[in-house]
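All heavy atoms count here, side chains included; hydrogens, waters and symmetry mates do not.
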Amino acid sequence: MITVEKYRNGLLALELAEKQLAMLKAHYCAPDRRITMTRLAHAVGYSGYSAANLHYGKLARKLCESMHTEPDDQFDDGSPFWLSIIAEAWKNKDGEYEFQMWPELAEALEVLKLV
């Protein structure tokens, strides 16, 4: 489990681009802090879920690196599931992955006044 302080320090070490911050804000502001990549893409102006997935995944990897950690979750091939550092994920009833932001990350965003 990653603490609020660790997320805070990790976020402080990053230079968040405008779109990266927009993705975090959109995720934070989603009902119950749950969002699909399709909804995230629309919220920040990407054409589809694949662009949101790619860029949010890159942000998640940078966050992991800034916190000197790796996610516990992995894909079947053993590669890290970077987004699991940002949120818990599961398939919803429509077959799309839904991501619920970790409360500790949400609190770190509040502490830093990024949301």
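- Leu112 is connected to Leu16 through a chain of hydrophobic side-chain contacts under 4.5 Å among Ile, Leu, Val, Met, Phe, Trp and Tyr, so both are in one cluster.
- The hydrophobic clustering, which links ILVMFWY residues whose side-chain heavy atoms are closer than 4.5 Å, places Leu12 and Met23 together.
- Residues Thr38 and Glu96 bring a donor and an acceptor atom of their side chains to less than 3.5 Å of each other.
- Put simply, the side chain of Arg39 gets close to the backbone of Arg34: a donor and an acceptor are under 3.5 Å apart.
- Here the CD-CZ distance, from Glu88 to Arg33, works out to 14.5 Å after rounding to the nearest 0.5 Å.
- Residues Met101 and Leu114 fall within the same hydrophobic cluster, defined by Ile, Leu, Val, Met, Phe, Trp and Tyr side chains chained together at heavy-atom separations under 4.5 Å.
- Side-chain atoms of His55 and Val44, non-hydrogen and from C-beta on, never get closer than 4.5 Å to each other.
- Looking at Asp94 and Thr36, their side chains never come closer than 4.5 Å, going by heavy atoms from C-beta outward.
- For the pair Lys19 and Tyr56, the cation does not sit on the ring face, since its NZ or CZ is not both under 6.0 Å from the ring centre and inside 45° of the axis.
- Trp102 contributes no side-chain N or O that, together with a main-chain N or O of Thr3, makes up a donor-acceptor pair within less than 3.5 Å.
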*Taking it one step at a time, do Val115 and Leu24 satisfy side chain to side chain contact (heavy atoms under 4.5 Å, CB included)?*
CA-CA 8 Å; Val115 291; Leu24 287 168; 5.9 Å; no
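- Note: Tyr7 OH to Leu63 CG = 7.0 Å, rounded to the nearest 0.5 Å.
- Contact check for Lys58 versus Trp82: no side-chain heavy atoms found under the 4.5 Å cut-off.
- When every heavy atom of Ile35 is checked against every heavy atom of Ala26, the shortest pair comes out as CD1-O, 4.0 Å.
- Considering all non-hydrogen atoms of both residues, Ser84 and Asp73 come closest at CB-OD2, 3.3 Å.
- Salt bridge Glu65/Lys62: absent, no basic N to carboxylate O contact under 4.0 Å.
- Counting heavy atoms from C-beta outward, Leu59 and Gln20 have side chains that approach closer than 4.5 Å.
- Here the CZ atom belonging to Arg61 is positioned 13.0 Å from the OG atom belonging to Ser66, to the nearest 0.5 angstrom.
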_Residue pair Gln100, Asp32: steps toward the side chain to side chain contact (heavy atoms under 4.5 Å, CB included) verdict_ = CA-CA 7 Å; Gln100 184 166 27; Asp32 295 324; 4.1 Å; yes
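- Between Pro80 and Gln74 there is no side-chain heavy-atom pair separated by less than 4.5 Å.
- Residue Phe81 places its CZ atom among more than 12 non-hydrogen atoms of other residues, nucleotides or ligands, all under 6.0 Å distant.
- Leu105 is not listed as a side-chain neighbour of Ile85, based on a closest heavy-atom distance of 4.5 Å or more.
- Judged by distance alone, the side chains of Glu110 and Tyr28 do bring a donor and an acceptor atom under 3.5 Å apart.
- Remark: the backbone N or O of Ser79 is paired with a side-chain donor or acceptor of Asp77 at under 3.5 angstrom.
- Proximity of the aromatic rings of His27 and Phe99 is defined here by a centroid distance below 6.0 angstrom, and this criterion is not met.
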_Would Met67 and Ile2 count as a side chain to side chain contact (heavy atoms under 4.5 Å, CB included) here? Give the steps._
CA-CA 9 Å; Met67 294 188 301; Ile2 298 175; 3.8 Å; yes
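- Side-chain contact between Lys6 and Thr69 is present, with at least one heavy-atom pair separated by less than 4.5 Å.
- Leu40 places none of its side-chain heavy atoms less than 4.5 Å from the side chain of Asn53.
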